[in-house]
Amino acid sequence: MKKELPKAYEPSKYEDGIYKKWEKSGLFNPDKIPPTPFNKGGVLDKRKSYTISMPPPNVTGTLHMGHAVMLAIEDILTRYHRMKGERALWVPGTDHAAIATQTKVEKELRKEGKDRHKLGREKFLKEVNKFAQESHDTIVNQIKKMGSSCDWSREAYTLDEVRTRAVRTVFKMMYDDGLIYRGERIVNWCPRCHSTLADDEVEYKEQKAKLYTFKYSKDFPFTIATTRPETKLGDTAVAVNPKDERYKKYIGKEYEVDFVGIKLKLKIIADREVDMEFGTGALGVTPAHSMIDWHMAEENKLDIIKVIDEDGNIREGFDPFSGEDVFRARKMIVNKLKKDKLLEKEEEVDNKLSICYRCDTPIEPLPSLQWFIDVHKKIKRRGNKSIKELSVDAVKKGVFGRDKINIIPTRFEKNYFHWMDNLRDWCISRQIWFGHQIPVWYCGKQAQTIKKMGFAGDIVTQVFDTKTRTYRLRDHGIKVGDIVAFEDSAKKIIFGQGTITEVSVINVGQINLKDKKHWKTYEKREELIAAFKRHHPEKKINNNTKVWIYTYKFDNNLLSKGCGTTIVDIEAPKVCPSCGKKENLIQDSDTLDTWFSSGLWTFSTLAQKPDQIKIKDGKLVIDSEDFKNFHPTNVLETGYDILFFWIARMIIMTTYAIEDIPFQDVYLHGLVKDEKGKKMSKSLGNTIDPLDMIKKYGTDATRLSLVIGSTPGNDMNLSEDKVAGYRNFANKLWNISRYIITNYELTITNKEINQNNLTSADYWILLRMCRLIILVKVDLDNYRFSQAGERLREFTWDDLADWYLEASKFEQTKEKEKILAIILNDLLKLWHPFIPFVTEAIWKELGHKDLLMISRWPDENYYTKIQYENNVAGFNATTFIVKAIRDARAQNKVEPAKKIKAVIYAGKNKELIESQAELIKSLRTGINELEIKDEGPKIKDAIYITVGEIDIYLIGAVDEEKEKERIKKEIENLEKVIKSAKMKLGNKEFVAKAPEKVVNMEKNKLKKAENELKKLKK
RNA sequence: GGACGAUUAGCUCAGCUGGUUAGAGCACUUCGUUUACACCGAAGGGGUCGUAGGUUCGAAUCCUACAUCGUCCACCA
């Protein structure tokens, strides 16, 4: 079977073809793995299963190094367990990534001059889905490029039909259990995204801010300090520390003040959280626009006055500040305070600005009507524990009869507990369109469309041309007759009532204000006209004054007809269960936080059809074979940066919904940074694109560079050089195989070796292989990928290529072919999970018909049966002697081409060394004549080497000076060893307390070194 | 403010429960066309393991401070 192979391995010529072959074989699907010669039939059905859910990349994303690490590690695990004969399933999928995707599409639309509000929900979602589909194909192809052996037949998407069913079912369960509630709470609001954000979606940016110290009014007794004077328009209290002597006397008192023209009622309250050192030690409480203040207001039953609207502008009713954005309002207020001589101080302080993690826009805390998950409510059906308690227990001690979830590295468990302890109710509603629309329907009253109006004429273009105008039209809590979102420059008034739940313009039309036929549905026309006159005294209303009508969707619409029932269900209700009518049903327009659906990922992906997902006895049941076979998953592997975002939420959702853990182990990899340790980012231009690396150096090299030289949970710095280094390794493995394949007839049908025909080198490599198999198994079972990889590399390059193969060139024995075949086959298997392509390519060249991918993992028992004892010493000695001779020659500057004579005094090892004579001569020692004796006289004018009890003389090449130097250095080294050993052995306590093994080791070391030293000094 | 991580050769990093003369890869120096591989081979130089204490017969490894860098969490009125 001797054959020709190309000299260098070119990954690009093999990889795509190999992946296609794998895919075509269908064997990524564990149900399809047939019995093979390596994986004998019968074991198939009862095999242990092994499952990993792939953290779904965003549909609109492209592959980056983070994905590459994730894919490399998970593929290693999957391939390893598959080869061990387990039913290994790796479920791939993608995430719709609500806000991220919507933002991306909106950006694209804006380039074309389009806007989602103009398109309307339906058309916009069509656009998003189109974009998502295209993007999906890109990311999937990139995942394949990485060699990922995931089962594409089970691919899932967080927004597909089955997953939607899971989301709605869990939502309903939680609602029925009273865990999901709707309420007006202060939330993190992004005025750009126009949506709420979860607590952990808020990021902070260091900045300088001005801290203003002032009095509300002349008659207020003391000063307060704030960086946000504009919010003070909504102050309803002033908080001081109860211990603060300065303010004790005021606590409990109430003041009415005129703050820059706005009347405020302020109660002085005490709160321990107030820092006496900060500012004046007194803090104005703005319940509507600060998280802390909101809680103070709850405790002290304070009024809540909203100042800022959802566009980040001052609301109606705060003239002259109304309609101004927060920055302008701040300036105006500060100027007014200055003018009134109320401003005492203006100083610069360090401040952290909260910003949106998606778009960096400053966050406004706002009270808003939203859906929440109660994390504290005890659930009867779950042992009267809250979801928070269940999630803590799952990691602390295990729940539902499962072992505790292990987080690797364990130090992250601490982070997890800390996060869980501080978890507040989770706001799950988002005011965006792309995502799982909340499965809640209102009958009439609760939600209906209502018309809003703006004046037309010269302002038409303004209203329609800028996004901000449209955004301004939205607001909360509008009552009948209210004039909302009033803005002077836009010159428009809007009329309506209720809470807007949707911001799309459903209908736009122009009517004439005085023309009565347009006012059939509005009896408040006169009121509207009056309002308009108030705001625009200069405008005359005549028969030609036209008004734009915006039709918006509202809640609590008095003008609507329905019965007001709220319905939470899995499917859209056909009729209202309360009034039996269908025409007034409207679905809540909010969508769910994307992590709600990803929280269900490990089990929702194991359902194939929506009707397999059911509620049974207050528990979610997935009635599928896959769920029975593959859940809980074995390991969840991902970057530590989404421990809270995702992992914690999966634990929350899974323990609650199905009364089980989502996974047994969590393996957290570090983040990939550039070679200087900086975070990779497009703006810094320091990204290394995994696809570039794959193109240039191959997938195998890219994978190795991400796996070797890194430890779990620690960031790694990646440079192109590193990848190139592993490209070299892949080529090395190729050439090792090439050499063996082209020089030997490899037979693999019979693995029985005749031990009588083995050389010492054969035993030596078999023993090392034996150790390798055992250790790599332990490493992989304990997620020590780097260590396993290094061991494999060392064996392949050092032991096999540099020693055994070199020796084999001079040892043409009967069993050589067989041993080489065994070693190479097993080595390819051990390497396969790490570098699947090159190993599969070589495997084919070896003449295998079956895929390496499904071959059986090497069996250590085969190797442990071999009689190594007394058989490896010969080659072991050879390696030492050869190294010593090469070293001595190099130090003496003996030309490599120069052949010399060597004499070895081997003592009692004479026979052993004699058996190695050919190898000692051949392994690049440049020895043409070798004499081996048991002992003899010292030889002058020769290079003298001592290796333990063996003395070697190299004759006819000595360079006196250099040799002296070399001997001197040798002596120094030995003296160092002797000194340290003597110190230890001279210490009575060491001899008494250290384990015998350690003491003996020291003794032997000393004896050997002293012996060598004695000989050198002679 | 709290927590966590890092600090080991010029660079990137290993070093698992304390016992090696402290390792690897890259880079560097010298040499080399040898039945696979120059994406190669042989040999070599290079580290008082951040600092200071402590525990121990013995510390890169455990403990305590400190320093520097980094990350996360909370707060910043």
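Model, not experiment: these values are computed from the prediction.
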base_contact_polar (B:A24 base, A:Q787 side chain, donor-acceptor, <3.5 Å): no
Polar pair under 3.5 Å, donor/acceptor by atom type, side chain A:R738, base B:C37: no
May I ask you to decide if A:A288's main-chain N or O and A:T286's side chain share a donor-acceptor pair within less than 3.5 Å? no
So which nucleotide from B:U21, B:A43, B:A77 ends up closest to the side chain of A:K883? B:A43
Consider the side chain of A:N743, meaning its heavy atoms from C-beta on, and name the nucleotide among B:G44, B:U35, B:C73 that approaches it most closely. B:U35
B:U35 and B:A24: how far apart are their P atoms, nearest whole angstrom? 29 Å
C1'-based separation of B:A43 from B:A59 [nearest Å]: 33 Å
Does a donor on one side chain sit under 3.5 Å from an acceptor on the other, for [X] and [Y]?
X	Y	result
A:D235	A:Y216	yes
A:D715	A:Y640	yes
A:W831	A:T796	yes
A:D293	A:H289	no

How is [X] classified with respect to the nucleic acid when contacts are heavy atoms under 4.0 Å: base, sugar-phosphate, or nothing?
X	result
A:G709	sugar-phosphate
A:T711	sugar-phosphate
A:G284	sugar-phosphate
A:V274	base
A:A994	base
A:N782	nothing
A:T286	nothing

Under 6.0 Å from the six-membered ring centre of A:W426 and within 45° of its axis: does the NZ or CZ of A:R649 meet both? yes
Does NZ or CZ of A:K809 fall inside the cone over A:Y739's six-membered ring, less than 6.0 Å from its centre and within 45° of the axis? yes
Taking 4.0 Å as the cut-off, does a side-chain nitrogen or oxygen of [X] come that near to OP1 or OP2 on [N]?
X	N	answer
A:K732	B:G41	yes
A:S710	B:A14	no
A:N728	B:C40	yes
A:W797	B:G25	no
A:R886	B:A43	yes
A:T227	B:A77	yes
A:K1005	B:U21	yes

Interatomic distance where [atom1] belongs to [X] and [atom2] belongs to [N] [whole Å]:
X	N	atom1	atom2	answer
A:K809	B:U35	NZ	P	8 Å
A:D887	B:U30	CG	P	18 Å
A:M420	B:A3	CE	P	21 Å
A:N735	B:U35	CG	P	15 Å

Tell which nucleotide pairs with B:U51, taking only Watson-Crick or G-U wobble pairs whose two distances are both under 3.5 angstrom. B:A65
Nucleotide opposite B:G1 in a Watson-Crick or G-U pair, distances under 3.5 Å: B:C73
Could I get a table of every N or O pair under 3.5 Å where one atom is in the protein and the other is in nucleotides 4-9 of chain B?
| from | atom 1 | to | atom 2 | distance (Å) |
| --- | --- | --- | --- | --- |
| B:C4 | OP1 | A:K414 | NZ | 2.6 |

